[in-house]
Amino acid sequence: MAFGFETGPMRSLSFSILVVLAGSNAAPGQSPLQGFGVVRSEHAEASVPNLKAPGSEDALAARRLAMLNAYVDPVQGSSSDDLVRRALAANAELSAVRLDIERGRARLLQAGLRPNPTVDFEQKTGRFTNSPGERETIIGVALPLELGGKRQRRIDLARVELEAAEAEVADRERRLANEVRASYAESLAAIRELQITEELGNVDVQTARIVEARVTEGDAAPLEHNLLRVEIDRLQARRALVEGRLQATLLKLKAITGTPLSEPLRLREELTSPAFAEPPDSIEATVDIALRTRPDLRLARLSEEAARAGLRLARAQTTPDVTAFSKYTTNRSSFDKTPIGILRDQDKLLSFGVSISIPVFNRNQGAKAEAELAILQAQRRSEFVEQLVRAEVQSAYRRYEAARSAIATYEQGVLERSRQNITAVRGAYQVGAFRVTELLSEQRRFVDSQREFTEALAEYYRALADLQSAIGTRP
């Protein structure tokens, strides 16, 4: 679409502004406003002096585009899947959580160990009590015997706790992957808005230079040039805010993926092409998949199973403890005041026995009551998590459908009508019915449309990412 006007018969100055309106028709790899620029006719180039003077806005625009290219690399840049894999491998917090699995394995090993036997040694002497001839040596061995299936109950509990730790790690991985993808979407949205703002700024710079030439020739009021300069400064301020938000999001990506902050990070994907599989056709099918695969729901169910295993262990611990023991005793005695002189006697004894605790006072009542409450608590948490899973899936699916519908509306209606509106303003501007202020107002509405379209694309990307996370797809 071309904007153009001629100054009239008094001066031979003409130009046209070529606008390629972006939207869903942009080719892959192109910026949202590819080709959005000013094309001057040869007559205008000859009539307007110093349009390419050294140090003009062209050099500044080139530097800005170079800065923009620092964030995007369609070939060697990082995709969202690349960053997810990097986060799963290098995130320090996730590495710390994974140690819970090793701790669970250690607890499982400990649960299967049997109690240690004990060895007793006892020496008795009468040397210090005026009975030097009396001595007794006792050596005993005791072995605790676990009855009532205590050992197996400990193993069952430790095994369930290990599975729960694995489920918790899987849930942390799921949430971390979703956090990476959400930040990636924010970065892509900021890049797209930065591209739009940058290229519109370049158009306004070129337009302002041509209007300045008209002002110099006396064909336009100085106010028109000032209005354009205000628009340029406004876009520059907007660009600074967007770039600041982009840099902050990239820093967050580096932090959660374990990337050194000094290392450059360039993105490869485009906001218009999310790298996600299409979700199921219905909410019911999506909910059914989530109820079978969500690790946090599995964790809640395993917590309930662990509580039941804890109750079984508490009941098993009410079985009296039995300790089998054996003692070997050597007893030496001497009698020195006898009619026949000193008599010595030595006895060797071997004894056996068991020690049984009698559960008169402590029958593990508190532990059993706590375990029963833990089961009830785990059941309620499991019910809550299931409701939460259903709500998250439905919410993400509704957002996905709404964003998809909004994108279709923008592609089929809003952007096309915006194009038609600019065409009408251009025609009126050519015949002198509108001033440059109307043209700028329509451009701002176009920018607003593009920004809203970018928000719709970002919401579509985030909704797909949230839906994958809500389903429980492994990263």
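Computed over heavy atoms, backbone and side chain alike; hydrogens, waters and symmetry mates excluded. On a predicted model such as this, the values are computed, not experimentally measured, just so you know.
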Discussion item. Under the criterion side chain to side chain contact (heavy atoms under 4.5 Å, CB included), I'd like the reasoning laid out for Glu305 against Leu302: C-alpha separation, chi angles, the key distance, then a yes or no.
Written reply: CA-CA 5 Å; Glu305 186 177 344; Leu302 285 172; 3.8 Å; yes

Practice prompt. Could you go through the side chain to side chain contact (heavy atoms under 4.5 Å, CB included) check for Asn331 and Gln346 one step at a time?
Written response: CA-CA 6 Å; Asn331 190 348; Gln346 182 176 354; over 6 Å; no

Worksheet item: Any side-chain donor-acceptor pair under 3.5 Å between Thr473 and Gln468?
Response: yes

Worksheet item: Can Arg399 and Glu459 be said to form a side chain to side chain contact (heavy atoms under 4.5 Å, CB included), step by step?
Response: CA-CA 8 Å; Arg399 288 170 50 213; Glu459 175 63 12; 2.7 Å; yes

Worksheet entry | Candidate pair Glu93 and Arg172, rule salt bridge (Lys or Arg N to Asp or Glu O under 4.0 Å), full reasoning | CA-CA 9 Å; Glu93 183 181 7; Arg172 291 290 188 95; 3.8 Å; yes

Worksheet item: Which atom pair, heavy atoms only, marks the closest approach of Ser78 to Arg86?
Response: OG-NH2, 3.7 Å

Fill in: Under 3.5 Å: donor-acceptor pair, side chain of Thr318, backbone of Ala314
no

Response to the item:
When rounded to the nearest 0.5 Å, the distance separating CG of Leu311 from CZ of Arg315 is 4.0 Å

Discussion item. How long is the straight-line distance from CG of Leu251 back to OG1 of Thr259, given to the nearest 0.5 Å?
Written reply: 11.0 Å

Worksheet entry | Leu109 side, atom CG; Leu162 side, atom CG - distance, nearest 0.5 Å | 11.5 Å

Item to complete: Can you establish whether the number of heavy atoms outside Arg175 located under 6.0 Å from its atom CZ is more than 12?
Response: yes

Practice prompt. Look at the side chain of Thr249 and the backbone N and O of Arg245, then say whether any donor-acceptor pair between them is shorter than 3.5 Å.
Written response: yes

Fill in: Test salt bridge (Lys or Arg N to Asp or Glu O under 4.0 Å) applied to Glu284 and Arg390, step by step
CA-CA 9 Å; Glu284 291 75 15; Arg390 293 178 181 274; over 6 Å; no

Worksheet item: Does Glu269 reach the main-chain N or O of Ser80 with its side chain, forming a donor-acceptor pair under 3.5 Å?
Response: yes

Worksheet item: Do you know the tightest heavy-atom contact between Ala458 and Ala189?
Response: CB-CB, 3.8 Å

Worksheet item: Looking only at atom types and distance, does a side-chain atom of Asp82 sit under 3.5 Å from a main-chain N or O of Ser79, one as donor and one as acceptor?
Response: yes

Discussion item. Looking at Arg381, I want to see if its CZ is surrounded by more than 12 non-hydrogen atoms of other residues, nucleotides or ligands under 6.0 Å.
Written reply: no

Discussion item. Please check this pair: side chain of Ser405 against backbone of Glu401, looking for a donor-acceptor N/O pair closer than 3.5 Å.
Written reply: no

Discussion item. Looking at Arg292, I'd like to know if its CZ atom is crowded, meaning that more than 12 non-hydrogen atoms belonging to other residues, nucleotides or ligands lie closer than 6.0 Å.
Written reply: yes

Practice prompt. For atom CG of Leu113, decide whether the heavy atoms of other residues, nucleotides or ligands shown that lie under 6.0 angstrom number more than 12.
Written response: yes

Worksheet item: Thr137 side chain to Thr330 main-chain N or O, any donor-acceptor pair under 3.5 Å?
Response: no

Discussion item. Apply side chain to side chain contact (heavy atoms under 4.5 Å, CB included) to residues Glu136 and Arg332 and explain how you reach the verdict.
Written reply: CA-CA 6 Å; Glu136 186 178 60; Arg332 291 183 177 89; over 6 Å; no

Worksheet, complete the sentence: Heavy-atom closest pair (Ala87 atom, Leu94 atom, distance to 0.1 Å) is O-CD2, 4.3 Å

Worksheet item: Between atom CZ of Arg298 and atom CD of Glu168, what is the distance when rounded to the nearest 0.5 Å?
Response: 12.5 Å

Item to complete: Search all heavy atoms of Ser187 against all heavy atoms of Leu267 and return the closest pair with its distance.
Response: CB-CD1, 3.5 Å

Discussion item. Using modelled atom types and a 3.5 Å cut-off, is there a donor and acceptor pairing between side-chain atoms of Thr257 and backbone atoms of Val180?
Written reply: no

Worksheet item: Of the options Arg107, Arg105, Arg103, which is the one that meets Glu161 in a salt bridge (charged side-chain N to carboxylate O under 4.0 Å, His left out)?
Response: Arg107

Item to complete: Run the ring-centre check on Tyr460 versus Tyr400 and record whether the distance is less than 6.0 Å.
Response: yes

Discussion item. Quick check on Gln110: does its CD atom have over 12 non-hydrogen neighbours (other residues, nucleotides or ligands) under 6.0 Å away?
Written reply: no

Item to complete: Classify the ring geometry between Tyr461 and Tyr184 as parallel (under 30°), tilted (30 to 60°) or perpendicular (over 60°).
Response: parallel

Practice prompt. Answer yes or no: does atom CG of Asp281 have more than 12 heavy-atom neighbours from other residues, nucleotides or ligands under 6.0 Å?
Written response: no

Worksheet item: What's the shortest heavy-atom distance between Ala290 and Ala470, and which atoms?
Response: CB-O, 3.5 Å

Worksheet item: Hey, what do you get for CG (Leu271) to CZ (Arg462), rounding to the nearest 0.5 Å?
Response: 8.5 Å

Worksheet item: Is there a salt bridge (Lys or Arg N to Asp or Glu O under 4.0 Å) between Glu304 and Arg308 once you walk through the steps?
Response: CA-CA 6 Å; Glu304 181 179 350; Arg308 296 184 184 279; 3.1 Å; yes

Fill in: Short side-chain to backbone donor-acceptor contact, Lys150 and Gln317, under 3.5 Å
no

Item to complete: Would you check if there is a donor-acceptor pair between the side chains of Glu193 and Thr454 at a distance under 3.5 Å?
Response: no

Fill in: Salt bridge Glu392-Arg294, side-chain N to carboxylate O under 4.0 Å
yes

Response to the item:
Minimal heavy-atom distance between Pro359 and Pro320, with the atoms involved, is CD-CG, 3.9 Å

Discussion item. Determine whether a donor-acceptor pair (N or O, by modelled atom type, separation under 3.5 Å) exists between the side chain of Asp120 and the backbone of Ile139.
Written reply: no

Practice prompt. Take Arg174 and Asp296 through the salt bridge (Lys or Arg N to Asp or Glu O under 4.0 Å) test and state the conclusion after the steps.
Written response: CA-CA 9 Å; Arg174 175 187 69 89; Asp296 54 343; 3.6 Å; yes

Worksheet item: Above 12 or not: heavy atoms from other molecules or residues under 6.0 Å from CD of Gln76?
Response: no

Worksheet entry | Neighbour count >12 (heavy atoms, 6.0 Å) for atom NZ, Lys327 | no

Worksheet item: Taking NZ, NE, NH1 and NH2 as the nitrogens, is one of them in Asp233 or Arg239 under 4.0 Å from a carboxylate oxygen of the other?
Response: no

Discussion item. Checking the side chain of Ser469 only, and the main-chain atoms of Ala465 only, is there a donor and an acceptor separated by less than 3.5 Å?
Written reply: no

Discussion item. Under a plain distance cut-off of 3.5 Å, with no hydrogens placed, do Arg238 and Thr197 share a side-chain donor-acceptor pair?
Written reply: no

